[in-house]
Amino acid sequence: MNVAVRTLKRKKAAADPADLLAWYDRHRRVLPWRARGRAKADPYAVWLSEIMLQQTTVKTVGPYYAKFLTRWPTVGALAAAPLDDVLRAWAGLGYYARARNLHACAKAVVERHGGIFPRELEALRALPGIGEYTAAAVGSIAFDLPAVPVDGNVERVVTRLFAIEEAMPAAKPEIKRLAASLLPPHRSGDFAQALMDLGATICSPKKPACALCPWSEPCIARARGDQETFPRKAPKREGKQRYGAAFVALRADGCVLLRQRPEKGLLGAMTEVPGSDWAHDFDLSTALDAAPRFRGKLQWRKLGGTVTHVFTHFPLRLTVYKAELPRGTPAPKGARWAKVSGLAGEALPTLMRKVLAHALE
DNA sequence: TAGCCGTGGCG
DNA sequence: TCGCCAAGGCT
């Protein structure tokens with residue numbers, strides 16, 4: 001048997017982590033939080049990027065990451081910042097519990113570990129906002145601990161490689177087991193990033209570039225030609241449409257009325273304009289019951305059109321009302337006046353920016 | 001454990 | 001257009 005045939009047979013037998021690492025050495029992406037050459041990765045930078053990258057694309061994260069690292073270069077600096085500053089800097093990035101946990105985690109690193117990220121998976125896992133995935137990611141990338149972070153990319157790569165028929169999320173334990181079985185004895189950080197790069201650039205959800213894949217030969221789904229059908233997913237039901245009203249109160253001196261949402265839950269602790277609850281059976285004829293109260297009577301004008309927004313678990317349609325008030329009007333309890341010219345610096349989620357844009361255009 | 005929690009891009 | 005999906009964690 002000649003060398004070429006032997007090589008082919010070996011590759012078909014099983015996926016070789018060395019092949020993936022060789023591919024990574026040639027094709028890895030250049031990313032701001034990634035160490036260059038032999039430089040060691042900064043645990044703070046790795047952690048910050050991993051939190052931001054949870055369910056969020058590299059492109060979206062880029063400017064936020066740069067802004068945070070410039071403003072708070074160390075975990076100690078971030079821990080010392082007011083939570084409100086962190087929330088404002090995070091506004092627009094979504095999943096705001098991440099920002100609250102980011103701040104809590106920075107403080108915990110300072111208080112529990114003297115401002116140094118711990119080098120053990122269990123200690124990392126115990127920090128706010130760090131789950132099994134992020135502990136493995138920070139542990140392997142920053143400290144080269146033998147762990148494999150299993151995210152959506154790795155799930156896709158592994159389910160295709162082994163043609164796992166079980167549907168998500170039930171298949172997760174099996175995926176973790178198989179991913180761990182691939183872990184090489186050295187370079188676990190590079191291996192983790194290689195798996196994610198492969199999933200992001202080659203083993204994509206649709207139209208994977210199998211011809212360029214270092215694991216094309218051992219990939220069972222590829223051999224069968226149904227690689228795009230992995231990972232298998234159980235059909236999910238969609239959330240029901242909800243409705244509500246929002247109130248944009250403008251004062252003659254160029255201020256708009258804002259308030260803060262409750263600490264927990266949907267858009268927790270973020271800023272909003274006053275509004276009604278959001279319900280499936282919202283009755284528009286009673287919308288003004290939810291309007292902020294001022295002394296004297298006030299004309300709320302219903303604007304044409306609506307503002308729509310789709311959350312993970314339900315679509316929302318808001319009717320917007322607008323009113324104009326004279327200078328000197330005090331804000332109702334629980335609300336405050338904010339300069340329209342300064343709205344960019346407020347902790348306003350995208351939904352509320354849509355509402356304000358609708359009312360101010 | 002399954003539902004909750006944002007946003008932007010893409011086919 | 002619209003459903004899917006992206007480096008998940010918490011409860």
Side-chain angles (χ1 to χ4, degrees), chain A residues 28-29 31-34 41 45-65 87 90-102 104-105 124-142 147-157 167-170 172-173 176 179 189 191-201 203-207 228 231 233-242 261-270 272 278 308-316 347-354:
Chain A
R28 70 177 185 172
R29 292 176 291 173
L31 300 172
W33 44 86
R34 209 169 252 183
V46 172
W47 163 74
L48 179 62
S49 70
E50 287 299 337
I51 301 299
M52 288 185 166
L53 286 163
Q54 288 168 4
Q55 301 289 288
T56 309
T57 59
V58 166
K59 185 180 177 187
T60 301
V61 164
Y64 285 89
Y65 174 81
L87 288 178
W90 192 278
L93 198 51
Y95 282 127
Y96 298 100
R98 290 187 299 172
R100 301 193 295 275
N101 283 330
L102 185 84
C105 183
L124 287 167
R125 177 68 182 80
L127 291 165
I130 297 188
E132 190 176 355
Y133 163 80
T134 306
V138 173
S140 62
I141 297 170
V148 184
V150 178
D151 68 341
N153 287 310
V154 179
E155 285 172 359
R156 194 166 55 251
V157 169
M168 299 298 295
K172 286 195 174 191
K176 285 175 193 165
F191 182 71
Q193 295 179 92
L195 275 176
M196 293 191 266
D197 274 20
L198 188 71
T201 66
C203 197
S204 47
K206 291 176 182 172
K207 308 254 180 180
E228 268 195 62
K233 300 202 176 181
K236 59 177 174 186
R237 59 166 111 156
E238 62 183 62
K240 271 175 63 177
Q241 176 79 49
R242 298 188 201 182
R261 293 181 60 84
E263 288 290 329
K264 301 206 168 186
L266 183 66
L267 304 175
M270 298 297 286
E272 67 173 3
W278 305 333
T308 61
H309 192 73
V310 180
F311 291 104
T312 314
H313 49 301
F314 68 90
L316 175 66
L348 289 162
T350 296
L351 165 64
M352 290 301 152
R353 295 190 186 275
K354 287 184 191 174

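Chain identifiers are assigned alphabetically (A, B, ...) following the order of the sequence lines, protein sequences preceding nucleic acid strands; residue numbering begins at 1 within each chain.
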When rounded to whole Å, the CZ to C1' distance for the pair A:Arg156 and C:dC4 reads 12 Å
Residues of residues 130-140 of chain A with a heavy atom under 4.0 Å from any atom of DNA chain B, listed by number, are none
Open item on the list: Students often get this wrong, so: under 4.0 angstrom with heavy atoms, is A:Leu102 touching a base, only sugar-phosphate, or nothing?
Closed with: nothing
- request: For A:Asp151 and A:Met196, indicate whether the former's side chain and the latter's backbone hold a donor-acceptor pair under 3.5 Å.
  value: no
Give me the ring orientation class for A:Trp278 and A:Phe314: parallel if the planes are under 30° apart, tilted from 30 to 60°, perpendicular past 60°. tilted
Taken in chain and number order and not counting sequence neighbours, the residues that satisfy ring pair (Phe, Tyr, Trp, His ring centres under 6.0 Å) with A:Tyr95 are none
Separation of C:dA6 atom P from A:Lys233 atom NZ, nearest Å, is 6 Å
When rounded to whole Å, the CE to P distance for the pair A:Met196 and C:dC5 reads 20 Å
Tell me what A:Arg100 touches on the nucleic acid: a base, only sugar-phosphate, or nothing, going by heavy atoms under 4.0 Å. nothing
Between the CG atom in A:Leu198 and the CZ atom in A:Arg28, the distance rounded to the nearest 0.5 Å is 15.5 Å
Inset, instruction - Assess the side chains of A:Arg34 and A:Gln193: does a donor N or O sit below 3.5 Å from an acceptor N or O? - result: yes
In whole angstroms, the gap separating C1' of C:dG9 from NZ of A:Lys172 amounts to 10 Å
Each nucleotide of nucleotides 6-11 of chain B classed B (base within 4.0 Å of a protein heavy atom), S (only sugar-phosphate) or -, in 5' to 3' order, makes BBS---
P spacing across the pair C:dT1 / B:dG6, given as an integer number of angstrom: 25 Å
May I have the step-by-step check of salt bridge (Lys or Arg N to Asp or Glu O under 4.0 Å) for A:Lys172 and A:Glu155, ending in yes or no?
-> CA-CA 8 Å; A:Lys172 286 195 174 191; A:Glu155 285 172 359; 3.7 Å; yes
Separation of C:dC5 atom P from A:Glu228 atom CD, nearest Å, is 11 Å
From CD1 of A:Ile51 across to C1' of B:dC5 the rounded distance in Å is 15 Å
- Query: Is the distance between the ring centroids of A:Tyr65 and A:Trp33 under 6.0 Å?
  - Reply: yes
Just call it for A:Trp33: base, sugar-phosphate, or nothing, with non-hydrogen atoms closer than 4.0 Å on any strand. base
Taken to the nearest whole Å, CG/A:Asp151 to C1'/C:dC5 is 13 Å
key: Between A:Tyr133 and A:Gln54: side-chain donor-acceptor atoms closer than 3.5 Å   = no
- B:dT1 versus C:dA6 - spacing of their P atoms, nearest Å: 23 Å
With no hydrogens and no angle check, just 3.5 Å: does a side-chain donor-acceptor pair link A:Arg156 and A:Ser204? no
Here the distance between atom P of C:dA6 and atom CD of A:Glu50, to the nearest Å, is 15 Å
